[in-house]
Amino acid sequence: MPELPEVETLCRQLRQRVPSAMIKGTFILDSKLGKLDNLKGRGIASVTRLGKRIVLGLDDGRSLEIHLRMTGRLLWQEKPDIGEKPQHSRFILDLTPGRIIIVDPRRFATLSLVADAAKGNAAVDALKPGCPEALKEKGCNRSRSIKSFLMDQSIIGGIGNIYACEILYRAGLNPLRRTADLTSEDWRRVRSAMVEVLSKAVVCRGTSISDWRDLFGCKGEYQKELRVYGREGKKCPHCGGIIQRVRLLGRGTWFCPNCQA
DNA sequence: CCCTATGTTCCCAA
DNA sequence: CTTGGGAACATAGG
């Protein structure tokens, strides 16, 4: 479920609870997550977002990286004895001020302890994608679709299926357009739609279309702003045309054939 | 039973 | 080498 705005929301909320916290213990409830070194007594020094990953920096230089994949959630419990752990709890990080639980029905989420802080990540963050010409340069010799370009985490970090659809709607571009064919003006619109959609979605604390909840169990608000995602057969809010759905890269892809040429 | 699902990775064919 | 399709991972919901 989580794309950049959802992960960013979790990171911001973690930052208001977790700094100067000490790890009391870690409990892996699902062996699929693998094993973890003993982290008891380690402090949390920082919380950063790397694309869709949450990076908890420890006071010994190592980092605990969480990727929530499709259905992973983080839940904060201030007083663990009050909140019983919910169904599908997979991991508990017990801290001095409270605890963080990874809840994940589909069990795709991953957890890893990494030694090197800044690992080689060539991708730009989708909230700070650089200038339009820099994006154009990355796409100009490719025959791939603009949607797959936007969702390629090795090029741009953070965009998933919902926001890719919404960004392309607002940029007025058909998801199947080849990146090599895009003009400078097209790239300018892609860049500006990307930043506008994602920063608005961060302010809205994500899209609660099904089960996304923030660190404290609250829904986001961006589902009210969706123009095309999940709206097959409905009217385009701009031209009144009928929104179409196609399948691209194995994912549902919604767009307005009239507005997105 | 069918289909769908906010992610990633792997294999395969064009 | 590039690209997209499909399956896989595992579970819930329509």
Side-chain angles (χ1 to χ4, degrees), chain A residues 1-11 29-34 49-54 65-74 86-91 102-112 121 123 126 138-169 174-182 194 197-198 200-202 204-215 218-233 243-254:
Chain A
M1 38 163 60
E3 302 180 36
L4 184 150
E6 290 77 24
V7 177
E8 178 64 22
T9 297
L10 289 172
C11 286
L29 279 30
D30 177 2
S31 58
K32 196 168 174 269
L33 286 171
R49 180 180 58 76
L50 250 187
K52 300 175 189 171
R53 281 175 293 177
I54 297 161
E65 288 197 357
I66 300 168
H67 197 309
L68 296 169
R69 302 286 185 113
M70 286 287 266
T71 52
R73 291 170 48 186
L74 287 191
Q87 195 182 15
H88 308 308
S89 293
R90 308 298 182 195
F91 175 70
I102 295 179
V103 180
D104 183 19
R106 285 171 77 177
R107 303 168 66 202
F108 290 162
T110 58
L111 184 65
S112 55
N121 199 330
K138 293 182 177 104
C140 64
N141 288 323
R142 309 289 219 107
S143 73
R144 67 194 311 193
S145 67
I146 179 63
K147 191 189 182 205
S148 84
F149 179 91
L150 290 180
M151 293 177 68
D152 185 335
Q153 303 301 303
S154 70
I155 299 175
I156 304 172
I159 301 173
N161 202 33
I162 292 179
Y163 296 108
C165 292
E166 294 298 311
I167 288 164
L168 290 170
Y169 173 76
N174 188 298
L176 294 163
R177 285 280 295 277
R178 308 287 106 175
T179 56
D181 300 335
L182 300 186
M194 193 187 314
V197 165
L198 294 174
K200 170 79 173 175
V202 168
C204 289
R205 297 179 352 276
T207 300
S208 290
I209 225 169
S210 59
D211 49 1
W212 157 250
R213 297 295 184 277
D214 69 15
L215 189 62
C218 297
K219 288 187 177 186
E221 304 286 341
Y222 197 79
Q223 62 276 12
K224 297 169 188 166
E225 307 295 326
L226 298 178
R227 298 288 190 266
V228 288
Y229 182 86
R231 301 189 66 246
E232 181 183 15
I243 293 167
Q244 307 279 306
R245 176 187 184 277
V246 295
R247 188 171 284 274
L248 178 59
L249 304 169
R251 319 298 297 275
T253 301
W254 292 264

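As a basis for the values below, the full set of heavy atoms in this structure was taken, side chains included, without hydrogen atoms, waters or symmetry mates. Below, chain A is the first sequence line, B the second, and so on; all start at residue 1.
At a threshold of 4.0 angstrom between heavy atoms, the contacts of D211(A) include nucleobase atoms, whether or not backbone atoms are also involved. Here T110(A) lies out of heavy-atom contact (under 4.0 Å) with every strand. When heavy atoms are screened at a 4.0 angstrom cut-off, G72(A) is found touching no nucleic acid atom at all. Contacts of S143(A) with the nucleic acid, taken as non-hydrogen atoms under 4.0 Å apart, involve only primed sugar atoms and P, OP1 or OP2. Nucleic acid contact for I209(A): base, since at least one base atom lies under 4.0 Å from a heavy atom of the residue. Backbone-only engagement by R247(A) is indicated by non-hydrogen atom pairs under 4.0 Å involving sugar-phosphate atoms exclusively.
Judged by distance alone, the side chains of E6(A) and Y222(A) never bring a donor and an acceptor atom under 3.5 Å apart. Looking only at atom types and distance, the side chain of N174(A) has no donor-acceptor partner in the side chain of K147(A) under 3.5 Å away.
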- request: Quick one: do R90(A) and D104(A) satisfy salt bridge (Lys or Arg N to Asp or Glu O under 4.0 Å)? Show the steps, please.
  value: CA-CA 7 Å; R90(A) 308 298 182 195; D104(A) 183 19; 5.5 Å; no
- prompt: Could you walk me through whether Y169(A) and Y229(A) pass the ring pair (Phe, Tyr, Trp, His ring centres under 6.0 Å) check?
  reply: CA-CA 9 Å; Y169(A) 173 76; Y229(A) 182 86; over 10 Å; no
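Checking the phosphate oxygens (OP1, OP2) of dA12(C), a side-chain nitrogen or oxygen of H88(A) falls inside 4.0 Å. Residue T71(A) has no polar side-chain atom (N or O) positioned under 4.0 Å from OP1 or OP2 of dT11(C). Phosphate proximity of dT3(C) to R178(A): absent, as no side-chain N or O sits under 4.0 Å from OP1 or OP2. Between dT11(C) and R107(A), a contact under 4.0 Å exists linking OP1 or OP2 to a side-chain N or O. Residue R245(A) has a polar side-chain atom (N or O) positioned under 4.0 Å from OP1 or OP2 of dA5(B). In terms of phosphate contacts, H67(A) brings no side-chain nitrogen or oxygen within less than 4.0 Å of OP1 or OP2 of dG7(B). Proximity of K32(A) to the phosphate of dC9(C): no side-chain N or O atom is located under 4.0 Å from OP1 or OP2.
More than 12 heavy-atom neighbours from other residues, nucleotides or ligands sit within 6.0 angstrom of NZ on K138(A). The 12-atom threshold is not exceeded at NZ of K200(A), counting heavy atoms of other residues, nucleotides or ligands nearer than 6.0 Å.
Atom CG in L4(A) sits roughly 11 Å away from atom P in dG7(B) (whole-Å rounding). The interatomic distance linking R90(A) (CZ) with dA10(C) (C1') rounds to 9 Å, in whole Å. We find that CG of D181(A) is positioned 13 Å from P of dT3(C), with the value rounded to whole Å. Atom C1' of nucleotide dT8(B) and atom NZ of K52(A) are separated by 9 Å, given to the nearest angstrom. In this structure, L248(A) atom CG and dG5(C) atom C1' are separated by 10 Å, rounded to whole Å. In this structure, D104(A) atom CG and dA5(B) atom P are separated by 18 Å, rounded to whole Å. Atom CG of N141(A) is separated from atom C1' of dT2(C) by 12 Å (rounded to the nearest Å). Counting to the nearest Å, the P atom of dT8(B) and the CD atom of E3(A) are 9 Å from each other.
A distance of about 16 Å separates the P atoms of dC10(B) and dA10(C), rounded to the whole Å. dC1(B) sits 16 Å from dA8(C) when the P atoms are compared, rounded to a whole Å. dT8(B) and dC1(C) have their P atoms separated by 24 Å, with the value rounded to a whole Å. Nucleotides dT4(B) and dG5(C) place their P atoms 14 Å apart, quoted to the nearest Å.
One donor-acceptor pair, N or O on each side, does fall under 3.5 Å between the base of dA5(B) and the side chain of R106(A).
R177(A) places none of its side-chain heavy atoms less than 4.5 Å from the side chain of L168(A). Counting heavy atoms from C-beta on, the side chains of M194(A) and I156(A) come closer than 4.5 Å. T207(A) has its side chain within reach of Y163(A): a pair of non-hydrogen atoms, C-beta onward, lies under 4.5 Å apart.
In this structure, F108(A) does not count as stacked on the base of dT8(B) under the 5.5 Å centre distance and 30° plane angle limits.
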task: Can you run through DNA chain B from 5' to 3' and write each base as (, ), [, ], | or . depending on how it pairs? Watson-Crick or G-U wobble, both distances under 3.5 Å.
output: .||||.||||||||
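Under a 3.5 Å cut-off, the side chain of Q223(A) and the backbone N or O of S208(A) do form a donor-acceptor pair.
Near DNA chain B, defined here as any heavy-atom distance below 4.0 Å, the residues from residues 147-164 of chain A are Q153(A), G160(A), N161(A), I162(A), listed numerically.
Between R178(A) and S143(A) the shortest heavy-atom distance is CD-O, 2.6 Å. Here the shortest heavy-atom pairing between V103(A) and Q87(A) reads CG1-O, 3.4 Å.
Comparing dT8(B), dA12(C), dC9(C) against the side chain of R69(A) picks out dT8(B) as the nearest.
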